[in-house]
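Note that these values count all heavy atoms, side chains included, but never hydrogens, waters or copies made by symmetry.
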Amino acid sequence: QVHLVESGGGLVQAGGSLRLSCVASGRTSSSSVYGMGWFRQAPGKEREFVAAISWSSVNIEYADSVRGRATISRENTRAGVHLEMNSLEPEDTAVYYCAAQGRHTIIGLDASEYDYWGQGTQVTVSS
């Protein structure tokens, strides 16, 4: 089993920046964790894709809503992932979830492609 723990959320003013981190523990060998990603869920809305990175970090994808403002990166150990966001907007307010794949794909863009999830970290952007 793989456990994911997010950190770095909080209250940020519009236009500000933040860095979310996710650490994987448990069975985090290269045969247990492949691609990793970030999703978010705002109140009253469905969970949506934010960014994803493949096991090798070669493939990276962003949602249109954050492209150009977000950077996803992976720990060298591949047991952690970070999400840096700048020029934050009130619309970025949501609970952000870290996710990891337990099987290899080119890159995971849909929540159904992920096997492990963190508990989430709240990000609130004030106007």
Side-chain angles (χ1 to χ4, degrees):
Q1 186 68 14
V2 174
H3 300 281
L4 304 176
V5 178
E6 304 97 336
S7 62
L11 177 63
V12 184
Q13 285 191 333
S17 303
L18 59 74
R19 185 175 193 251
L20 303 180
S21 295
C22 173
V23 176
S25 62
R27 295 183 57 195
T28 58
S29 67
S30 60
S31 63
S32 300
V33 175
Y34 292 91
M36 299 188 77
W38 288 93
F39 290 76
R40 67 186 182 185
Q41 187 166 16
K45 295 186 177 181
E46 294 185 353
R47 189 171 299 190
E48 64 175 4
F49 167 76
V50 177
I53 187 168
S54 64
W55 180 82
S56 64
S57 300
V58 169
N59 297 305
I60 292 175
E61 288 290 345
Y62 298 98
D64 289 342
S65 58
V66 303
R67 186 173 288 114
R69 302 188 296 120
T71 301
I72 187 171
S73 60
R74 201 153 178 169
E75 289 285 344
N76 290 336
T77 61
R78 300 189 175 92
V81 66
H82 307 285
L83 180 69
E84 296 188 39
M85 292 186 65
N86 53 48
S87 302
L88 286 164
E89 305 165 351
E91 292 73 23
D92 294 316
T93 296
V95 177
Y96 284 70
Y97 296 91
C98 172
Q101 294 179 295
R103 58 196 185 281
H104 177 70
T105 66
I106 295 176
I107 192 163
L109 304 182
D110 189 85
S112 64
E113 297 180 85
Y114 289 84
D115 302 286
Y116 309 108
W117 292 85
Q119 293 297 310
T121 183
Q122 176 71 46
V123 172
T124 302
V125 183
S126 63
S127 57

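- Contact detail for Met85 and Ala70: the closest heavy-atom pair is CG-CB, 3.9 Å.
- Residues passing the side chain to side chain donor-acceptor pair (under 3.5 Å) test with Gln41, sequence neighbours excluded: none.
- Residues forming a ring pair (Phe, Tyr, Trp, His ring centres under 6.0 Å) with Phe49 (at least two apart in sequence, or on another chain): Phe39.
- Residues Ile72 and Trp38 are in side-chain contact: their nearest non-hydrogen atoms beyond the backbone lie under 4.5 Å apart.
- One distance of note links CD1 of Ile53 with CD of Glu61; it measures 11.5 Å at 0.5 Å rounding.
- Under the salt bridge (charged side-chain N to carboxylate O under 4.0 Å, His left out) criterion, Asp115 pairs with Arg103, not counting sequence neighbours.
- Not counting sequence neighbours, Val23 has no partner by the side chain to side chain contact (heavy atoms under 4.5 Å, CB included) test.
- Legend: residues meeting ring pair (Phe, Tyr, Trp, His ring centres under 6.0 Å) with Tyr97, ordered by chain and number and at least two apart, are absent.
- Linking Ile, Leu, Val, Met, Phe, Trp and Tyr whenever their side-chain heavy atoms come within less than 4.5 Å puts Val81 and Val2 in one cluster.
- Under the 4.5 Å side-chain criterion, counting only non-hydrogen atoms from C-beta, Thr71 is not in contact with Leu83.
- Pairs of residues two or more places apart, or lying in two chains, never qualify as salt bridge (charged side-chain N to carboxylate O under 4.0 Å, His left out) while including a residue from residues 118-127.
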Subject >> Derivation and outcome, side-chain contact (heavy atoms from CB on, under 4.5 Å), residues Thr121 and Val95 >> reply: CA-CA 5 Å; Thr121 183; Val95 177; 6.0 Å; no

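- The two residues Pro90 and Ser127 make their nearest non-hydrogen contact at CG-CB, 3.8 Å.
- For Thr105, the side chain to side chain donor-acceptor pair (under 3.5 Å) test picks out Gln101, with sequence neighbours left out.
- Linking Ile, Leu, Val, Met, Phe, Trp and Tyr whenever their side-chain heavy atoms come within less than 4.5 Å leaves Val33 and Ile107 in two separate clusters.
- Between the CH2 atom of Trp55 and the CZ atom of Arg74 there is a distance of 8.5 Å, given to the nearest 0.5 Å.
- Atom-to-atom distance recorded for Ser126:OG and Leu88:CG is 10.0 Å, nearest 0.5 angstrom.
- The distance from atom OH of Tyr114 to atom SG of Cys98, rounded to the nearest 0.5 Å, is 9.0 Å.
- Take Ser112 and apply the side chain to side chain donor-acceptor pair (under 3.5 Å) test, not counting sequence neighbours, and it matches Asp110.
- Checked by atom type and distance alone, the side chain of Tyr34 never pairs as donor or acceptor with a backbone atom of Ala100 at under 3.5 Å.
- Rounded to the nearest 0.5 Å, atoms OH (Tyr116) and CG (Leu4) are 9.5 Å apart.
- Listed by first and then second residue, the salt bridge (charged side-chain N to carboxylate O under 4.0 Å, His left out) pairs that reach into residues 38-47 are Arg40-Glu48, Arg40-Asp92, sequence neighbours excluded.
- Taking both residues in full, the closest heavy atoms of Trp117 and Ala111 are given as CZ2-O, 3.6 Å, listed atom of the first, atom of the second, then distance.
- Other residues, nucleotides and ligands contribute at most 12 non-hydrogen atoms within 6.0 Å of the CD atom of Gln13.
- Of the possible donor and acceptor atoms, none in the side chain of Thr93 sits under 3.5 Å from a partner among the backbone N and O of Thr124.
- Glu91 pairs by the salt bridge (charged side-chain N to carboxylate O under 4.0 Å, His left out) definition with nothing, not counting sequence neighbours.
- Annotation: side chain of Cys22 is in contact with side chain of Met36 (closest heavy-atom distance under 4.5 Å).
- In this structure, the side chains of Ile60 and Ser54 stay at 4.5 Å or more apart for every pair of heavy atoms.
- Residues passing the salt bridge (charged side-chain N to carboxylate O under 4.0 Å, His left out) test with Arg19, sequence neighbours excluded: Glu84.
- For Ser21, the side chain to side chain donor-acceptor pair (under 3.5 Å) test picks out His82, with sequence neighbours left out.
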